Amino acid sequence: MSSLNIPIYLDYSATTPVDERVAAKMMECLTKQGNFGNPASRSHPFGWKAEEAVEEARRHVAELIGAVPKEIVWTSGATESDNLAIKGAAHFNKKKGKHIITMKTEHKAVLDTCRQLEREGFEVTYLDPQEDGLLNMAAFKDAIREDTTVVSIMHVNNEIGVIQDIAGIGAITREKGIMFHVDAAQSPGKVAIDVDEMNVDLMSLCAHKVYGPKGVGALYVRRKPRARIEAQIHGGGHERGMRSGTLATHQLVGMGESFRIAREEMAEENIRMGQLRDRLWDGVKDMEEIYVNGHMDQRIPGNLNISFNFVEGESLIMSLKDIAVSSGSACTSASLEPSYVLRAIGRNDELAHSSIRFTMGRFSTEEEVDFTIGKVREAVTHLRELSPLWDMFKEGIDLESVEWAHH
Amino acid sequence: MAYSDKVLDHYENPRNVGTLDKDDPNVGTGMVGAPACGDVMRLQIKVSDDGIIEDAKFKTYGCGSAIASSSLVTEMVKGKTLAEVEAIKNMDIVEELALPPVKIHCSVLAEDAIAAALADIKAKRAATTKATA
């Protein structure tokens with residue numbers, strides 16, 4: 001019996017549906033009959049009960065990353081956490097130095113935060129990744145200066161899924177006494193995290209990539225040795241003064257529950273994701289002129305980012321209208337630029353324009369993957385029949401040698 | 001982004017996809033755009049001795065709007081004289097396909113493809129006239 005629901009969702013790195021178990025817990029924290037109190041209310045049981053739920057959620061988040069609950073600061077999501085961590089640490093240490101190191105393949109929440117700090121007089125080094133998407137450790141060491149105060153490197157890349165050697169970087173930053181921030185929005189439930197083993201000082205987390213709700217995240221702030229940051233949002237002094245604002249019990253409970261489930265089910269889920277990913281790759285890999293973007297092994301199991309040469313990404317997505325995926329080609333937005341991540345790993349514009357990111361998740365099935373394989377093959381074949389570049393390739397013309405009229 | 005029904009129609013059922021012999025003296029070929037920019041159009045027209053476009057074929061690498069624009073152009077040019085085709089402007093394509101502002105460059109490219117194909121056939125004809133003169 002067919003259980004195929006069209007369109008098929010294969011964009012789990014963009015966001016995930018909330019797990020039913022998480023939604024059930026969240027719904028207990030909203031209405032008059034539920035746990036609706038303000039966790040900051042100290043004078044009655046409504047507040048105490050809400051605080052209890054929030055602290056339980058904090059424990060679940062801490063446990064997944066090997067932290068203690070007191071090191072978890074609630075935020076509205078990974079973007080806010082990135083802002084708080086990088087600006088907070090840079091501002092706090094500005095008398096010591098004003099140099100920051102990050103990578104060109106970071107999320108915009110990190111890159112745009114760094115751009116803002118540059119406007120404020122900080123200096124930022126944006127390191128190139130290697131062709132496989134990973135940080136070159138020698139280049140990283142060379143970039144460290146006397147006045148470097150903050151290093152911000154993501155754990156798992158959102159586009160190509162590669163996993164950076166966080167422990168390797170952490171060993172260096174700890175030795176040099178530099179604050180190490182990790183944007184880990186994409187990694188919980190997919191890669192084991194231990195902030196002590198990895199020597200991480202600050203780590204951004206969010207719920208909605210882990211089958212939790214949107215609008216909630218956390219920043220891990222190390223206590224020993226203490227990571228000091230300046231608050232960016234001021235108010236009632238919540239979260240030990242680092243992030244004011246009434247705690248959204250239902251959101252936090254949702255994040256806690258999603259992290260609890262992630263911790264329990266991660267090992268099994270990763271095996272299944274790996275099988276689905278391999279199934280997808282096995283179904284398309286014999287096609288001509290296709291390229292996997294990013295290191296094939298040093299990546300999360302649910303991610304497959306492929307460039308289909310001589311086919312333009314936006315038209316491919318249009319052809320795959322029964323499948324929800326995303327393209328490295330940002331033509332669908334106002335900008336016509338190909339993915340900056342793919343450009344940074346050295347893909348030429350054609351290949352960057354031709355890429356599709358498939359990300360599988362908890363509710364993906366073999367049947368969905370098989371359907372996707374068929375549709376992808378059909379669409380690529382059709383679009384190549386329409387493509388003058390494919391004709392030229394087949395005639396043996398080197399496209400690099402052609403003088404194109406750039407417009 | 002939402003596409004207009006006309007774009008979707010041309011995209012899903014592109015008209016006149018194919019290749020004409022570029023060495024045929026009656027075929028004009030125009031190839032415009034660049035892979036790096038995300039679109040390349042190749043428009044070919046077959047012109048009769050009395051200057052009527054008898055056939056047109058295209059192949060396009062690009063987004064849905066680029067494919068639709070070039071498909072539409074092949075329909076627009078067929079049966080027209082060279083002078084009539086020269087008068088086709090990108091805004092005719094924008095209006096017919098209801099292209100949004102971010103996709104206007106696709107229509108510009110299609111106009112460029114027409115111009116390039118016309119230039120090619122005119123150059124070929126000038127060369128043959130010279131040779132036979």
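As a basis for the values below, the full set of heavy atoms in this structure was taken, side chains included, without hydrogen atoms, waters or symmetry mates. Numbers restart at 1 for each chain; the letters A, B, ... are given by sequence-line order, proteins then strands. Note that this is a predicted model, so its numbers are computed, not measured.
Here B/Pro35 is the residue among B/Pro101, B/Pro35, B/Pro14 with the most heavy-atom pairs under 4.5 Å with chain A. Ranking A/Leu389, A/Leu351, A/Asn348 against chain B, the residue ahead of the rest is A/Leu389, based on heavy-atom pairs under 4.5 Å.
Taking both residues in full, the closest heavy atoms of B/Gly64 and A/Ser315 are given as N-CB, 4.0 Å, listed atom of the first, atom of the second, then distance. When every heavy atom of A/Trp404 is checked against every heavy atom of B/Met31, the shortest pair comes out as CZ3-CE, 3.9 Å. What you find for A/Glu350 and B/Tyr61 is that their closest heavy atoms are O-OH, 3.7 Å. The heavy-atom pair separating A/Glu314 from B/Lys103 by the smallest distance is OE1-NZ, 2.8 Å. The two atoms that bring A/Pro388 and B/Arg42 nearest to each other are CB-CB, 4.1 Å, heavy atoms only.
A side-chain contact (heavy atoms from CB on, under 4.5 Å) with B/Glu12 is found for one member of A/Lys321, A/Met318, A/His382 and no other, namely A/Lys321.
A donor-acceptor contact closer than 3.5 angstrom links the side chains of B/Tyr11 and A/Ser319.
A 6.0 Å sphere centred on NZ of B/Lys78 holds more than 12 heavy atoms belonging to other residues, nucleotides or ligands. Other residues, nucleotides and ligands contribute more than 12 heavy atoms inside 6.0 Å of the CG atom of A/Asp286. In B/Asp5, the CG atom is not crowded: 12 or fewer heavy atoms of neighbouring residues, nucleotides or ligands sit closer than 6.0 Å. More than 12 non-hydrogen atoms from other residues, nucleotides or ligands lie less than 6.0 angstrom from CD of A/Glu118.
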Verdict with supporting geometry, A/Ser387 and B/Thr60, side chain to side chain contact (heavy atoms under 4.5 Å, CB included) | CA-CA 5 Å; A/Ser387 169; B/Thr60 289; over 6 Å; no

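Contact of A/Glu385 with chain B is made through the backbone alone, with heavy-atom distances under 4.5 Å. Proximity to chain A (any heavy atom under 4.5 Å) is shown, for B/Val40, by both the backbone and the side chain. Of the two parts of B/Thr19, only the side chain, counted from C-beta on, holds a non-hydrogen atom closer than 4.5 Å to a non-hydrogen atom of chain A. With a threshold of 4.5 angstrom between heavy atoms, A/Val402 does not approach chain B through any atom at all.
Note that CG of A/Leu316 and SG of B/Cys63 are 13.0 Å apart. Values are rounded to the nearest 0.5 Å.
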